[in-house]
Number of protein chains: 2
Amino acid sequence: MNSDMIIRITKYYRILNRLRSLGLEKVFAHNLADAAGVSAALVRKDFSLLEIYGQKRGGYEIPDLLEHLGRILGKTEEPQNVIIVGCGRIGKALMHYNGFEPDGIRIVAGFDSDPLIYSDSTHPVPVYPISRLEEVTSTFDVQVAIITVPESATSDSFHRLMQVGIRGILNFSPITLKPIKLEDGTSPVVHNMNIALELEQIFYKLQFPKTEPAK
Amino acid sequence: MNSDMIIRITKYYRILNRLRSLGLEKVFAHNLADAAGVSAALVRKDFSLLEIYGQKRGGYEIPDLLEHLGRILGKTEEPQNVIIVGCGRIGKALMHYNGFEPDGIRIVAGFDSDPLIYSDSTHPVPVYPISRLEEVTSTFDVQVAIITVPESATSDSFHRLMQVGIRGILNFSPITLKPIKLEDGTSPVVHNMNIALELEQIFYKLQFPKTEPAK
DNA sequence: TCTTTTATGTGAAAAATAATACAATAAATA
DNA sequence: TATTTATTGTATTATTTTTCACATAAAAGA
């Protein structure tokens, strides 16, 4: 399964969740396609590849789809625990964000090197000094970290996280982190979210508007 | 030029900027390739398509590349002005972020519907009530907005921005905005940054590690 | 019951994207 | 100067991804 397909699957999952909460029970490929911004053929092809089948002329059962896709995406009863490394403004904003819960994601702790920050007990989740990284991640069985440290600390934080066994990184710093190969032969999963880079892409696209994709 | 290529071009641009600030004057395709995480052949192919030429065996001149790519990306002397709609925690964090300036991006104003927020004058950039959107965007010739409002306000904010002529959107809310076609036949450029969606993709990839791409 | 309609599921075709291979060429070296 | 080496530029090939087209099936309507 390639990267674009993973994105589509996660989108389908969220759309289906929303449809279910609206009380719907069935969905057609073209409904999902419209909502996800892809073609109906692609939706059917994706499901076919994942061995998810609907009823001819009857569409797909939403609970069935959610069950299948949820398993593929590793959804369990228990939420997946995540930590935030770097509790500056962005890190704190993410701690307060309450949109993770419905998706089965839980921020369990923050980390910072500044005593003024980790001594402050008004955060919505506990904030620890970096020295307690290993202890906390093993206690909560954390596999994924969000990096929101300043540019200069990015690389250090990344290596530290690798050392304590974190295997998934969502990096908000403008330094692009690359999934270097680890001693054990595996590579971490790294997603970089670079806001300035996104804006630059938008500026480019505005400069050269795409010509109408001939229906 | 497709989306992946735009991403590559923006990456090349940043890498080249960094190399220049390190005092380098020339670069080989494979240097850029390594830094950007792509193959050298692809770098050469990209430049070839953009009609940027280097010297056989001599590599590419960094100032020349920056000039070319900068023009393609719409870089000018003047920074590109951006507004932030929704001055909650994330919006405020972005206002304070000082990593935009080196990339020629300037946050010129924030907007919020809450008087407690727009009356507070301690923000790093002026914050206005939504009613002044049109006035401010035309004064600063703003084409792009960052949406950081709560989920429930996302769709409204989006349509409001379309009405006042904003054509580029970077959306941080979990509602995926789609570039609906406008009356004038054009479509806005919309990039959605959905943090939970990114995390979900990471969880998936951790569950099914990619098998070693056979060198 | 028979016909029509509306979806799915999928093989085949097309389109898009990237890698390969190598000629061309310029610099370095002998 | 001749030879070797290193790198660009691009035609060709390979791969990946998506769309097309249609057989299949189920429901609805006549």
Side-chain angles (χ1 to χ4, degrees), chain A residues 1-12 15-16 19 24-66 68-69 72 201 205 208 210-215, chain B residues 1-12 15-16 19 24-66 68-69 201 204-205 208 210-215:
Chain A
M1 166 141 47
N2 69 35
S3 196
D4 284 351
M5 186 166 169
I6 297 171
I7 294 174
R8 289 196 300 273
I9 302 300
T10 52
K11 284 187 183 171
Y12 300 155
I15 293 162
L16 289 165
L19 293 177
L24 300 184
E25 286 173 5
K26 296 203 163 194
V27 69
F28 297 129
H30 65 263
N31 303 137
L32 263 177
D34 289 348
V38 301
S39 75
L42 191 47
V43 171
R44 296 202 302 272
K45 183 67 106 185
D46 283 341
F47 288 171
S48 173
L49 247 48
L50 297 172
E51 300 180 328
I52 299 173
Y53 301 103
Q55 302 107 41
K56 293 261 162 106
R57 200 203 148 107
Y60 301 84
E61 305 265 355
I62 291 178
D64 184 47
L65 281 175
L66 280 169
H68 269 91
L69 297 181
I72 289 164
Q201 291 168 41
K205 291 181 185 174
F208 301 101
K210 226 191 336 224
T211 47
E212 187 59 11
K215 182 59 225 296
Chain B
M1 166 141 48
N2 69 33
S3 197
D4 283 353
M5 186 166 168
I6 297 172
I7 295 174
R8 290 198 300 273
I9 302 300
T10 52
K11 283 188 182 169
Y12 299 155
I15 293 162
L16 289 164
L19 294 178
L24 300 185
E25 286 172 5
K26 295 205 166 193
V27 69
F28 297 130
H30 64 261
N31 302 136
L32 264 177
D34 288 350
V38 301
S39 75
L42 192 47
V43 171
R44 298 203 299 272
K45 178 73 99 187
D46 283 341
F47 289 172
S48 174
L49 246 49
L50 297 173
E51 302 182 324
I52 299 173
Y53 301 103
Q55 301 105 43
K56 293 261 161 105
R57 203 203 147 107
Y60 301 84
E61 305 264 356
I62 291 179
D64 184 47
L65 280 175
L66 280 169
H68 269 91
L69 298 181
Q201 291 167 40
Y204 172 83
K205 290 181 184 174
F208 301 101
K210 225 187 342 216
T211 47
E212 187 61 12
K215 183 57 227 293

Q. Going by heavy atoms closer than 4.0 Å, what residues in residues 36-43 of chain A are next to DNA chain D?
A. A:Ser39, A:Leu42

If you round to the nearest 0.5 Å, how far is [atom2] of [Y] from [atom1] of [X]?
X: B:Leu42; Y: B:Asp4; atom1: CG; atom2: CG; result: 9.5 Å
X: A:Ile15; Y: A:Leu66; atom1: CD1; atom2: CG; result: 11.0 Å
X: A:Leu69; Y: A:Leu16; atom1: CG; atom2: CG; result: 6.5 Å

Q.
Using a 4.0 Å cut-off to any heavy atom of chain B, which nucleotides of DNA chain D are the first and last in contact, reading 5' to 3'?
A. D:dT5 to D:dT12

Given atom [atom1] of [X] and atom [atom2] of [N], what is their separation to the nearest angstrom?
X: B:Ile7; N: C:dT17; atom1: CD1; atom2: P; answer: 12 Å
X: B:Leu49; N: C:dA16; atom1: CG; atom2: C1'; answer: 12 Å
X: B:Lys45; N: C:dT20; atom1: NZ; atom2: P; answer: 13 Å
X: B:Met5; N: C:dA15; atom1: CE; atom2: P; answer: 21 Å
X: A:Leu50; N: C:dT10; atom1: CG; atom2: P; answer: 12 Å

Looking at every non-hydrogen atom in both residues, tell me the closest pair between [X] and [Y] and how far apart they are.
X: B:Tyr204; Y: A:Ile72; result: CD1-O, 3.1 Å
X: A:Asp64; Y: A:Tyr53; result: OD2-O, 4.1 Å
X: B:Lys26; Y: B:Gln55; result: NZ-OE1, 2.9 Å

Q.
Using a 4.0 Å heavy-atom cut-off, does B:Phe47 contact any base of the nucleic acid, only the sugar-phosphate backbone, or nothing at all?
A. nothing

Q) Listed by chain and number, what are the side-chain contact (heavy atoms from CB on, under 4.5 Å) partners of B:Leu24, not counting sequence neighbours? A) B:Leu19, B:Ile62

**Q.** Derivation of the side-chain contact (heavy atoms from CB on, under 4.5 Å) call for B:Asp46 and B:Arg8
**A.** CA-CA 9 Å; B:Asp46 283 341; B:Arg8 290 198 300 273; 2.7 Å; yes

Which pairs, protein N/O on one side and nucleotides 4-7 of chain C N/O on the other, fall under 3.5 Å?
residue, atom, partner, partner atom, Å
C:dT5, O2, A:Arg57, NH1, 2.3
C:dT6, O4', A:Arg57, NH1, 3.1

Q.
Strictly below 4.0 Å: does B:Asn2 bring a side-chain N or O up to OP1 or OP2 of C:dA16?
A. no

(Q) Holding to salt bridge (charged side-chain N to carboxylate O under 4.0 Å, His left out), I want the full list of residues that pass it with A:Glu25, two or more places apart in sequence or in another chain. (A) none

Q: Dump the intermediate steps for side-chain contact (heavy atoms from CB on, under 4.5 Å) on B:Leu49 and B:Met1, then the final yes or no.
A: CA-CA 9 Å; B:Leu49 246 49; B:Met1 166 141 48; over 6 Å; no

Name every donor-acceptor pair, under 3.5 Å, that has one atom in a side chain of residues 29-38 of chain A and the other anywhere in the protein, sequence neighbours excluded.
residue, atom, partner, partner atom, Å
A:Asn31, OD1, A:Phe28, N, 2.9

